[in-house]
Amino acid sequence: MPAVTIRNLSDETHRALRVRAAHHGRSTEAEIRDIIEAAVRPPERIKLGSVLTAIGRDAGLSDSDVEALQKSRDKTPAEPMTFE
């Protein structure tokens with residue numbers, strides 16, 4: 001799992017993080033992970049699977065329609081590109 005080092009964090013900010021973590025009953029590191037996760041992956045973000053499901057519903061596709069599409073799909077492995 002990747003690790004991140006944060007340099008030059010002020011004492012005041014570090015103290016505030018420790019207090020916030022204690023308030024939530026977790027370590028400072030866990031609190032920082034939660035803050036970063038919330039910042040880059042907000043719950044209101046659009047998720048591709050949800051969008052595709054909505055498109056299928058709007059188009060009136062049934063499970064049997066999806067199965068038929070899967071069966072007719074080309075399953076030939078893709079050929080890698082060559083640059084020569």
Side-chain angles (χ1 to χ4, degrees):
M1 193 171 277
V4 175
T5 301
I6 301 172
R7 299 186 200 302
N8 303 320
L9 191 63
S10 72
D11 290 336
E12 185 177 308
T13 300
H14 187 253
R15 200 171 19 260
L17 282 167
R18 285 195 332 255
V19 169
R20 180 177 164 151
H23 178 73
H24 291 129
R26 55 184 163 217
S27 70
T28 304
E29 184 177 338
E31 186 69 20
I32 292 168
R33 275 194 306 268
D34 186 66
I35 291 167
I36 293 170
E37 183 80 18
V40 299
R41 297 180 61 188
E44 66 276 357
R45 75 186 189 279
I46 297 174
K47 298 177 183 175
L48 180 59
S50 300
V51 172
L52 293 174
T53 299
I55 291 170
R57 284 191 185 127
D58 290 345
L61 294 178
S62 66
D63 287 344
S64 59
D65 294 328
V66 174
E67 287 174 21
L69 289 170
Q70 290 286 21
K71 287 180 184 174
S72 65
R73 191 177 96 179
D74 182 10
K75 295 179 180 78
T76 308
E79 293 292 324
M81 290 181 65
T82 59
F83 295 99
E84 295 178 11

(message) Working note: L17 + L9, criterion side chain to side chain contact (heavy atoms under 4.5 Å, CB included); need CA distance, chi angles, decisive distance, verdict.
(response) CA-CA 11 Å; L17 282 167; L9 191 63; 4.0 Å; yes

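- Across all non-hydrogen atoms, the minimal contact from A21 to S27 is CB-O, 3.5 Å.
- Note that CZ of R26 is 4.0 Å distant from CG of D34, once rounded to the nearest 0.5 Å.
- Taking CZ from R15 and CD from E12, the interatomic distance works out to 6.5 Å, rounded to the nearest 0.5 Å.
- Once rounded to the nearest 0.5 Å, the distance linking CD of Q70 with CG of D65 reads 12.0 Å.
- K47 contributes atom NZ, which lies 14.0 Å from atom CG of L52 (distance to the nearest 0.5 angstrom).
- Rounding to the nearest 0.5 Å places CZ of R18 at 5.5 Å from NE2 of H14.
- R33 pairs with exactly one of E37, E31, E29 by the side chain to side chain donor-acceptor pair (under 3.5 Å) rule, that one being E29.
- With salt bridges taken as basic N to acidic carboxylate O contacts below 4.0 Å, none links E67 and K71.
- For the atom pair S50 OG and I55 CD1, the distance stands at 11.0 Å (nearest 0.5 Å).
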